[in-house]
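To start, the structure itself, in structure tokens.
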Amino acid sequence: MSEEHEELENINNEDHQEPQETITKVTGMYKDWFLDYASYVILERAVPAIEDGFKPVQRRIMHSMKDLDDGRYNKVANIVGHTMQYHPHGDASIADAMVQIGQKDLLIDTQGNWGNILTGDRAAASRYIEARISKFGLDVVYNPKITQWQQSYDGRRKEPVNLPVMFPLLLAQGGEGIAVGLSTKILPHNFIELIDASIKHLKGKRFTIVPDFPTAGIADFTNYNDGNRGGKVRVRAKISHHSKNTLAITEIPFSTTTQSLIDSILKANDKGKIKIKKIEDNTAAEVEILVHLPSGISPDKTIDALYAFTNCETSISPLGCVIEDSKPLFVGVTEMLRRSTDNTVQLLKSELEIKLGELEEQWHFASLERIFIENRIYRDIEEEETWDGVINAIDKGLQPHIKHLKRKITVDDITRLTEIRIKRISKFDIDKAQQKIDALEAQIAEVKHHLANLIVYAIAYFERLKKDYGEGKERKTEIRIFDDVDATKVVIRNTKLYVNREEGFIGTSLRRDEYVCDCSDIDDIIAFTKDGKMMVTKVDSKTFIGKDIIHVAVFKKKDKRTIYNLIYRDGKSGSSYVKRFAVTSMTRDRKYDLTNGNKASVVWYFSANPNGEAEVVSISLRQVGSIKKLKWDLDFADILIKARTSKGNLVTKYSIKRIELKEKGVSTLKPRKIWFDDTVQRLNVDGRGELIGEFRGEDRLLIINQSGVAKTIIPEITAHFDSDMIVLEKWIPKKPISAIYYNGEKELCYVKRFLIEQEGREESFITEHPKSQLEVVSTDWRPVAEVEFTKERGKDRKPNLKVNFEEFIDIKGISAMGNQLTKDKVKQIDLIESLPYDAPEEVHADELEVVDEEQVTAETSDTSEGKVKVELDPKPKTDTSTSKDDTESNPDVDDSGQASLF
């Protein structure tokens, strides 16, 4: 019993023992399993091969379609099922990959609802849609004779290692994939441009290719970087003026859809970045999104705001990664095209060599057949009783006639001769046989010529592809260099700014305090205080600036036209100084001292002038001692504009009693010179492009479009222009516009001269008939046109007619039809040299006694996070200081209006 008890006790102890922890190392698992998985995803799923441009699933789809091809459409579901014999994954991934190929409209001829890349609508179920290989696909993708084969995943079938694609297909279709540890994003390029680039490469010339997107749009490829890592493509929607308060989006950026675009616009509207009334989506075969704006909202600024705050502008980062020799290779699109073209040349060579071998075999047997029949060698086998005897007899009979053959006769050749039927021998025609041999010899000579001139043959091959399949494949995406959109200039001012001057706070939440202006939540605010301090800060709900705020406004970066006029006292009892300066930029949230830096300095007078106005102020001194002159006027136009850090000019060493505004100022800055940069289709003041003119506040631009529409606009930097614009110049109101147009209703040409009657309004000066069109238009004072007539059958051509617009017709209203030009049929109308005219001379900016914007100086500050760099003159010109006799007094304070008196 004791032994049993002891045994039972041991069993109980074993049951209560804690299990020992075991440590399993995963190093080997990670090294082997994960690496195998990563390699599989990279090589077999996500990244295309450089040889044919296909991912494995795409290659298997195209191979399956060739298996099933009989010239008729096949249901996609059948193709997907057939592809599963080669592809070890589900049907969904195969169907999605096939839809993507079909939507690119290159290799697959589709039938049914294959979805819409513009709207993002999905394709119908695979059982409802059909497909077959396109003619282009059959031409460039398949050739079993030069295809290398391998076993499928289950060993039951053979599939191609790579398809013999003789075209830069990867660049034409583009490709995108995310693998383990790497990804690829190759953008689609234009079919015709790829062929042209391949031809240039074969000719040894340099070439450049840039993407072309199926959704069209406008793109800036300045930083494309040849499609390598680190490159960037900016793509914009094409937006135009549909009507006065309506914008039309007719093309969208690549990688977006109409729905995602509309969602981004509504989101920006909800955030207050833009202001719209409603959106209509009329997209069908082509994109048409109408954006309706509330009255009073600038369409041009809204276009820029759409680019700045919505998906109307997107950035795409390309990354060229392909598989070569079972390894990932990072390569640019130029090198991809070179390798693809060189591979095409090698495939063409292989095709020619195989064809040459086949033709030579045909020639060899045709020659043997003729010898065999013509010389009646078949009779030599009549007495032979064995097969070997038959072979030897035929061989012996052929020997005297085979000296011209290109290779030795084999047993197989003789065997084929024995298989010739008696019927064929009886109907054998020697002349036809010789013609066949001659034709084969010509084909052999041609193939040999192609092999000897392989590059020329390859160039002809690409030219044939362009001729046969290039129609309708012209570039869709417009190439343009974009001008950067300053978000602060186009954002809708969606909040209100308030100020508590006494306590020194500004912000959007101080609704009980003084209203300043409307602003946006991305604006910077500039504020000045009575003690001569200045600060720029971001809009916030409540920000402390400093007590006794004298001026608050939205700050404009790099604004050289806003000039601040300032008179201040240096220290508690020091002299008073006057200065004029611009604030173009500075470090945010840093206080700047506008005085000489001494304690108890105070601002006597301050004004902010958006166009550099220089007012006249009256300065009064306090009666102290024997001061003779107690009051005089100071004209700010006499003060040079200097840097913000300058001390200023001495006003008086005595105490000032008060300063009063005597006369409002006029601008002391020159008229703005405005240029038009045709590359980006935008106005600028930086000297880029063609100089349009010098503009003062009331001046406007004249715009005339090919559609026969004329209008005048204020020359704002944010202005957008239609693609059919033919006239852009400074508008001179009294200068007539002369035009000849074809009246579609009358089917005759008419001449008219008119003036713009309503500023800022679009007006058509040709009839509304759909066939009416503008022939010529001129804004010269005395233009002349030459009319060439159509030659009538059996008659001499009428001599050209010269039309002096000034004599032909008087100036009439813009809506007048005009005078009939001629009843004869007109072939062509051209403007020729205008007649001389002494136009009224305009006073140029160089002759005005005003300050040039480039002379406006300021200081520089470092750029860091939350800071902006300033490009200003650190050494402003010094001006002679002038002193006047005066006395000191406490100032009167007036915070209202543009000028502030203290």
Rounded distance [0.5 Å steps], [atom1] in [X] versus [atom2] in [Y]:
| X | Y | atom1 | atom2 | answer |
| --- | --- | --- | --- | --- |
| D686 | I674 | CG | CD1 | 11.0 Å |
| F636 | L634 | CZ | CG | 6.0 Å |
| K275 | K301 | NZ | NZ | 14.0 Å |
| I252 | L261 | CD1 | CG | 6.5 Å |
| L247 | I265 | CG | CD1 | 9.0 Å |
| T215 | F254 | OG1 | CZ | 6.5 Å |

State whether [X] and [Y] are salt-bridged, where the test is any N-O pair (Lys NZ or Arg NE/NH1/NH2 against Asp/Glu carboxylate O) under 4.0 Å.
| X | Y | value |
| --- | --- | --- |
| K798 | D824 | yes |
| E763 | K711 | no |
| D304 | R682 | yes |
| K735 | D780 | no |
| D677 | R688 | yes |
| D699 | K730 | yes |
| R672 | E694 | no |
| R236 | E313 | yes |
| E613 | K664 | no |

Distance alone, cut at 3.5 Å: any donor-acceptor contact between the side chains of D220 and T222?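 Present: a donor and an acceptor within the cut-off.
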Is D196 close to I209 at the side-chain level, that is, under 4.5 Å between some pair of heavy atoms?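 They are not in contact (no side-chain heavy atoms under 4.5 Å apart), so the answer is no.
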Please examine the side chains of I756 and L702, heavy atoms only from C-beta on, and report whether any two atoms are closer than 4.5 Å. yes
With distance as the sole test, does [X] use its side chain to make a donor-acceptor pair with the main-chain N or O of [Y] at under 3.5 Å?
| X | Y | result |
| --- | --- | --- |
| K673 | L691 | no |
| K752 | I814 | yes |
| T250 | V287 | no |

Heavy-atom pair of closest approach, residues E251 and K476: OE1-O, 4.4 Å
How close do L774 and Y741 get, counting heavy atoms only, and between which atoms?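 Shortest heavy-atom contact: CA-CB, 4.1 Å.
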Any idea how Y837 and W781 line up, ring-wise: parallel (<30°), tilted (30 to 60°), or perpendicular (>60°)?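 Plane angle under 30°, so parallel.
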Around atom CD of Q706, are there more than 12 heavy atoms of other residues, nucleotides or ligands at under 6.0 Å?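 Yes - once you tally the heavy atoms of other residues, nucleotides and ligands closer than 6.0 Å, there are more than 12.
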Taking atom NE2 as the centre, does H241 end up with more than 12 heavy-atom neighbours from other residues, nucleotides or ligands that are less than 6.0 angstrom away?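 Result for NE2/H241: enclosed.
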Examine Y750 together with Y742 and report whether their ring centres are nearer than 6.0 Å.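 Ring centres of Y742 and Y750 not closer than 6.0 Å.
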List the steps, then state whether ring-ring contact (aromatic ring centres under 6.0 Å, His included) holds for F676 with F721. CA-CA 11 Å; F676 178 72; F721 302 95; 5.4 Å; yes
